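For reference, the structure is listed below as structure tokens.
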Amino acid sequence: MENLYRIPEHVAVIMDGNGRWAKRRGLPRVYGHREGAKRVEEIIEVAKEAGIKWLSVFAFSTENWGRPKEEVDAIMSLLVEYINKKVPYLVENDIRLRFMGRIEELPEMIKASVKEGEKATANCSSMNFVVALNYSGKAEIIDAVNRLLKEGKKEISEEEFKNYFYIPQMPDPDLLIRTSGEERISNFMLWQMAYTEFYFTETLWPDFSREEFLKALYEYQSRERRFGKVLSI
Ligand code: IPE
Ligand code: IPE
Ligand code: MG
């Protein structure tokens, strides 16, 4: 851990490959989601130990409604179960739970857990754990634009525009990790990832360990972030 200088402030994760993990074992996809949920706590732990202030995970996209109903229902039940079970752990570890996405469109059962979880951890401040639920980057931008149109705004700056996002205080991700070998953004934080460093690994999410997370952090530390500037001439 002592090599961990230059710690990213915000690490975003696209937790992908649950279905393939299950398929390889001849199991229904939902087993992969269940196993994947278990990895989340380990990653929260290692992120907190490393001093990361914001950890965000993509749990369910607006496009994921297009999956078979049994799978969607199973994911929704797992989410409720997971949130309810994890809140005491988050409170104990001073971690604030937040959600981003079109939360109001979710089933009542989930909305209740979301509200409870946010309320119970509202005073926690060591780290923020953000769950993207019914989230899409395009939808976030459109929701922001519609809100500012409603307010009668005629013109806006980039800085001001950010205030209309789901979590205005959230800094842009420094590092994005995507598991399972897919190398795409799949409608995650489109605006916020303008200068994010991307890390892809073949490992499927249910196999993603603390060590793999640290590997991604080391890789991040070796990157030279230029933001369009010339750093050395
Ligand atoms: C990620 O795993 C979890 C969700 C999208 C909810 P997948 O379910 O996408 O797993 P693969 O990509 O089909 O293996
Ligand atoms: C992205 O994974 C969304 C989540 C991890 C929740 P998908 O599996 O839905 O993305 P695609 O379909 O491979 O692009
Ligand atoms: Mg997938």
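No experiment lies behind these values; they were computed from the predicted model shown.
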Fill in: Charged tip of Arg24 within 45° of Trp21 ring normal and under 6.0 Å
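No, Arg24 does not lie over the aromatic ring of Trp21.
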Once side chain to side chain donor-acceptor pair (under 3.5 Å) is applied, do any residues pair with [X], and if so which ones, sequence neighbours excluded?
X      : answer
Lys69  : Asp73
Lys38  : Glu35
Arg96  : none
Asp172 : none

Treating Ile, Leu, Val, Met, Phe, Trp and Tyr as nodes and any side-chain heavy-atom pair under 4.5 angstrom as an edge, say whether [X] and [Y] lie in one connected cluster.
X     : Y      : value
Met15 : Val130 : no
Val11 : Met170 : no
Met76 : Tyr82  : yes
Ile14 : Val131 : no

Item to complete: Decide yes or no on ring pair (Phe, Tyr, Trp, His ring centres under 6.0 Å) for Trp54 and Phe129, but give the supporting numbers first.
Response: CA-CA 6 Å; Trp54 291 80; Phe129 175 54; over 10 Å; no
Determine the minimum heavy-atom distance between [X] and [Y], stating which atoms define it.
X      : Y      : result
Leu217 : Pro8   : CD2-CG, 3.6 Å
Met193 : Ala12  : CE-CB, 4.1 Å
Glu212 : Asp207 : OE2-O, 4.4 Å
Asp94  : Ser125 : OD1-N, 3.1 Å

Worksheet entry | Steps toward side chain to side chain contact (heavy atoms under 4.5 Å, CB included) verdict (Tyr218, Gln221) | CA-CA 5 Å; Tyr218 291 135; Gln221 289 170 336; 3.5 Å; yes
Practice prompt. State which residues pass side-chain contact (heavy atoms from CB on, under 4.5 Å) with Ser222; sequence neighbours excluded, sorted by chain then number.
Written response: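 Once residues adjacent in sequence are excluded, the partners of Ser222 under the side-chain contact (heavy atoms from CB on, under 4.5 Å) criterion are Glu219.
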Identify every side-chain donor-acceptor pair in residues 100-109 under 3.5 Å, counting partners at least two apart or on other chains, and give the distances.
residue, atom, partner, partner atom, Å
Arg102, NE, Asp143, OD1, 3.3
Arg102, NE, Asp143, OD2, 3.1
Arg102, NH2, Asp143, OD1, 2.8
Glu105, OE1, Asn134, ND2, 3.1
Glu108, OE2, Lys111, NZ, 3.2

Are [X] and [Y] side-chain neighbours, meaning at least one heavy-atom pair lies under 4.5 Å?
X      : Y      : answer
Leu176 : Glu197 : no
Ile44  : Ile95  : yes
Phe213 : Glu45  : no
Leu190 : Lys138 : yes
Glu155 : Glu160 : no

State whether a side-chain donor-acceptor pair under 3.5 Å links [X] with [Y].
X      : Y      : value
Tyr220 : Arg225 : yes
Tyr164 : Lys153 : yes
Ser136 : Asn187 : yes
His33  : Asn18  : yes

Fill in: Pairs satisfying ring-ring contact (aromatic ring centres under 6.0 Å, His included), at least one member in residues 170-196, at least two apart
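Qualifying pairs, neighbours excluded: Phe58-Phe188, Tyr135-Phe188, Phe161-Trp191, Phe165-Trp191, Tyr195-Phe227.
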Item to complete: Scan residues 104-127 for pairs that pass ring-ring contact (aromatic ring centres under 6.0 Å, His included), counting only residues two or more places apart or in two chains.
Response: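 Qualifying pairs, neighbours excluded: none.
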Worksheet item: Salt bridge check: are Glu224 and Arg226 linked by an N-O gap of less than 4.0 Å?
Response: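 Here Glu224 pairs with Arg226 in a salt bridge, since their nearest N and O are under 4.0 Å apart.
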Worksheet item: Salt bridge check: are Lys53 and Glu9 linked by an N-O gap of less than 4.0 Å?
Response: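 Here Lys53 does not pair with Glu9 in a salt bridge, since their nearest N and O are not under 4.0 Å apart.
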Residues in salt bridge (Lys or Arg N to Asp or Glu O under 4.0 Å) with [X], at least two apart?
X      : result
Lys48  : none
Asp16  : Arg20, Arg178
Lys162 : Glu159

Item to complete: Step by step, work out the salt bridge (charged side-chain N to carboxylate O under 4.0 Å, His left out) result for Glu71 and Arg29.
Response: CA-CA 7 Å; Glu71 182 175 348; Arg29 292 177 60 86; 2.8 Å; yes
Sequence neighbours left out, cut at 3.5 Å: what donor-acceptor pairs do the side chains of residues 114-122 make with other protein atoms?
residue, atom, partner, partner atom, Å
Glu118, OE2, Phe99, N, 3.1
Thr121, OG1, Leu97, N, 2.9
Thr121, OG1, Gly117, O, 2.9

Worksheet item: Is Gln169 atom CD crowded by more than 12 heavy atoms from other residues, nucleotides or ligands, each under 6.0 Å away?
Response: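 Yes - once you tally the heavy atoms of other residues, nucleotides and ligands closer than 6.0 Å, there are more than 12.
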